[in-house]
Participant: 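Below is the structure I would like to discuss, written out as structure tokens.
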Amino acid sequence: MKYKNIIFDFDGVLAESVQIKTQAFYKLYEPYGVNIAKKVIQHHNANGGMSRFEKFPFYHKTFLNLDLNNNDIKYLTTMFSDIVVQDVINSNEVTGATWFLKKYSNENKWIVSATPKDEIIKIIEKRNMSRFFNKIYGSPEGKISIVEKIINENYLLRDETIFLGDALSDYNAATENDIDFALRKTTENKRLFYKKTNLIRFLDFYELDKQINN
């Protein structure tokens with residue numbers, strides 16, 4: 001395999017946890033009406049890799065015409081975490097994820113997630129996955145700048161580095177940093193990526209393994 005460095009998103013890539021977070025956003029906005037909740041979910045599904053620190057102010061301003069201060073955002077993100085964390089810890093892995101991580105134990109590996117940093121570290125630790133990764137990154141820092149930091153600080157060769165993601169923010173982080181991108185295909189991202197051609201597509205890690213070794 002030509003890739004010596006593998007960067008992973010988490011939700012929807014290593015774990016089947018996307019719907020858990022979708023349901024949490026719906027639950028938090030349902031008190032404002034079903035139509036509002038549906039608009040939130042529509043945007044959330046189209047912007048899966050966008051941080052909740054950005055989403056809550058955007059949803060309140062766009063759909064409710066309300067401004068949030070920092071305390072409001074902190075309160076909503078804490079509520080969100082309380083709803084989702086244990087369910088994400090308990091969620092099923094994407095088929096073949098652990099097998100893939102073990103097979104490529106000698107390659108450099110990082111997680112770059114839109115989940116808050118402390119939360120994603122806790123999730124990875126509770127899932128007994130920490131040993132597989134050089135380092136785990138989360139929000140509020142953006143994915144483009146995190147990937148740039150990983151490449152520069154570790155003196156990585158770009159043609160030996162790949163990002164595995166399921167959202168446009170993952171794709172943008174890869175393309176802006178001139179590295180390859182592999183899309184984990186889901187029902188949520190099918191429409192968003194159907195015109196894009198410069199990427200690898202996979203349903204599970206056994207399929208990905210075949211593709212990157214061909």
Side-chain angles (χ1 to χ4, degrees), residues 7-91 110-127 135-150 163 165-177 186-189 191-193:
I7 302 170
F8 298 78
D9 178 41
F10 180 77
D11 294 305
V13 176
L14 289 167
E16 300 284 16
S17 50
V18 171
Q19 282 300 318
I20 293 168
K21 297 189 174 183
T22 301
Q23 291 162 7
F25 275 112
Y26 190 93
K27 183 176 181 178
L28 286 174
Y29 282 93
E30 190 176 21
Y32 298 103
V34 171
N35 286 339
I36 296 295
K38 286 181 177 178
K39 288 178 181 179
V40 167
I41 296 311
Q42 185 177 17
H43 180 274
H44 167 68
N45 286 336
N47 298 272
M50 183 178 174
S51 164
R52 69 192 69 162
F53 295 103
E54 300 172 275
K55 285 182 175 178
F56 283 122
F58 178 82
Y59 296 154
H60 269 66
K61 183 64 176 178
T62 304
F63 303 131
L64 303 172
N65 198 29
L66 296 172
D67 292 312
L68 296 179
N69 60 38
N70 289 336
N71 286 335
D72 296 328
I73 296 169
K74 184 176 180 180
Y75 174 74
L76 286 167
T77 55
T78 299
M79 283 184 64
F80 190 91
S81 295
D82 290 343
I83 294 170
V84 305
V85 169
Q86 194 57 49
D87 286 342
V88 172
I89 291 168
N90 295 334
S91 64
W110 297 265
I111 284 180
V112 176
S113 174
T115 300
K117 183 179 178 180
D118 290 346
E119 186 177 310
I120 189 62
I121 289 173
K122 176 183 177 180
I123 289 167
I124 297 302
E125 288 176 349
K126 292 291 185 180
R127 291 176 69 99
K135 194 168 182 179
I136 299 163
Y137 293 89
S139 63
E141 188 174 359
K143 291 187 177 185
I144 292 173
S145 62
I146 293 174
V147 172
E148 182 181 19
K149 179 190 296 184
I150 291 171
F163 194 123
D166 70 328
L168 285 172
S169 64
D170 303 324
Y171 174 81
N172 292 336
T175 55
E176 288 293 320
N177 284 287
T186 66
T187 54
E188 289 84 7
N189 65 32
R191 260 188 348 103
L192 298 173
F193 284 91

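Start at 1 with the first residue, then count along the sequence.
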Participant: Would you check, one step at a time, whether the test side-chain contact (heavy atoms from CB on, under 4.5 Å) holds for Asn177 with Ile150?
Facilitator: CA-CA 10 Å; Asn177 284 287; Ile150 291 171; over 6 Å; no
Participant: Does the side chain of Gln19 come within less than 4.5 Å of Glu188's, by heavy atoms?
Facilitator: yes
Participant: According to salt bridge (Lys or Arg N to Asp or Glu O under 4.0 Å), does anything in residues 26-45 pair up with another residue at least two apart or in another chain? List the pairs.
Facilitator: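 Of all non-adjacent pairs touching residues 26-45, none passes salt bridge (Lys or Arg N to Asp or Glu O under 4.0 Å).
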Participant: With a 6.0 Å cut-off (strictly less than), is the heavy-atom count around CG of Asn69, excluding the residue itself, greater than 12?
Facilitator: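 Atom CG in Asn69 is packed in, count exceeds 12.
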Participant: Can you confirm whether Ile41 sits close enough to Tyr29 that some side-chain heavy atom of one is under 4.5 Å from a side-chain heavy atom of the other?
Facilitator: no
Participant: Could you tell me if Thr115 and Lys21 have a donor-acceptor pair between their side chains, going purely by distance under 3.5 Å?
Facilitator: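 Judged by distance alone, the side chains do pair up.
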Participant: Would the distance check show the side chain of Thr62 and the main-chain N or O of Tyr59 forming a donor-acceptor pair, the cut-off being under 3.5 Å?
Facilitator: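 Flag not set: sc Thr62 to bb Tyr59 has no pair under 3.5 Å.
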Participant: With sequence neighbours left out, what residues match Lys149 under salt bridge (Lys or Arg N to Asp or Glu O under 4.0 Å)?
Facilitator: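 Expected list: Glu141.
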Participant: If you take the centroid of each ring, where Trp contributes its six-membered ring, are Phe58 and His43 closer together than 6.0 Å?
Facilitator: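 Yes, they do, as the ring centres are separated by less than 6.0 Å.
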Participant: Can you list the steps and then say if Asn35 with Phe63 is a side-chain contact (heavy atoms from CB on, under 4.5 Å)?
Facilitator: CA-CA 10 Å; Asn35 286 339; Phe63 303 131; over 6 Å; no
Participant: Kindly indicate whether the side chain of Phe8, heavy atoms from C-beta on, has any atom under 4.5 Å from the side chain of Trp110.
Facilitator: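 No, every pair of side-chain atoms sits at 4.5 Å or beyond.
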Participant: As a test of understanding, state which of Asp11, Ile20, Leu14, Val18 forms a side-chain contact (heavy atoms from CB on, under 4.5 Å) with Ser91.
Facilitator: Ile20
Participant: Between the side chains of Glu119 and Ser81, does any donor sit under 3.5 Å from an acceptor?
Facilitator: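 Distance-only check passes for Glu119 and Ser81.
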Participant: Ignoring hydrogens and angles, state whether a donor on the side chain of Ser169 or Asn172 is under 3.5 Å from an acceptor on the partner side chain.
Facilitator: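 There is no such pair between these side chains.
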Participant: Report the C-alpha distance between Ser113 and Tyr137 in whole Å, list the side-chain angles of each, state the deciding distance to 0.1 Å, and finish with yes or no for side-chain contact (heavy atoms from CB on, under 4.5 Å).
Facilitator: CA-CA 6 Å; Ser113 174; Tyr137 293 89; over 6 Å; no
Participant: Run the side-chain contact (heavy atoms from CB on, under 4.5 Å) test on Asp9 and Val112 for me, step by step, so that the C-alpha distance in whole Å, both residues' side-chain angles and the decisive distance to 0.1 Å come before the verdict.
Facilitator: CA-CA 5 Å; Asp9 178 41; Val112 176; over 6 Å; no
Participant: Are the side chain of Arg127 and the backbone of Val88 linked by a donor-acceptor contact shorter than 3.5 Å?
Facilitator: yes
Participant: Mind telling me whether Phe25 and Phe80 have parallel, tilted or perpendicular rings, with 30° and 60° as the class edges?
Facilitator: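 Tilted: the ring planes of Phe80 and Phe25 meet at 30° to 60°.
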Participant: Does any N or O in the side chain of Asn47 come within less than 3.5 Å of the main-chain N or O of His44, such that one atom is a donor and the other an acceptor?
Facilitator: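 Looks like no, no N/O pair under 3.5 Å.
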Participant: Regarding Thr186 and Asp166, do their side chains bring together a donor and an acceptor under 3.5 Å, going by distance alone?
Facilitator: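 Short answer, no.
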Participant: Would a 4.5 Å heavy-atom cut-off, applied to side chains only, mark Leu66 and Lys61 as touching?
Facilitator: no
Participant: By side chain to side chain contact (heavy atoms under 4.5 Å, CB included), which residues pair with Gln86, not counting sequence neighbours?
Facilitator: Ile89, Asn90
Participant: May I ask you to decide if the ring planes of His60 and Tyr32 are parallel, tilted or perpendicular, using 30° and 60° as cut-offs?
Facilitator: perpendicular
Participant: Side chains of Leu76 and Phe53, heavy atoms from C-beta outward: is any pair under 4.5 Å?
Facilitator: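 Result no, sub-4.5 Å side-chain heavy-atom pair not found.
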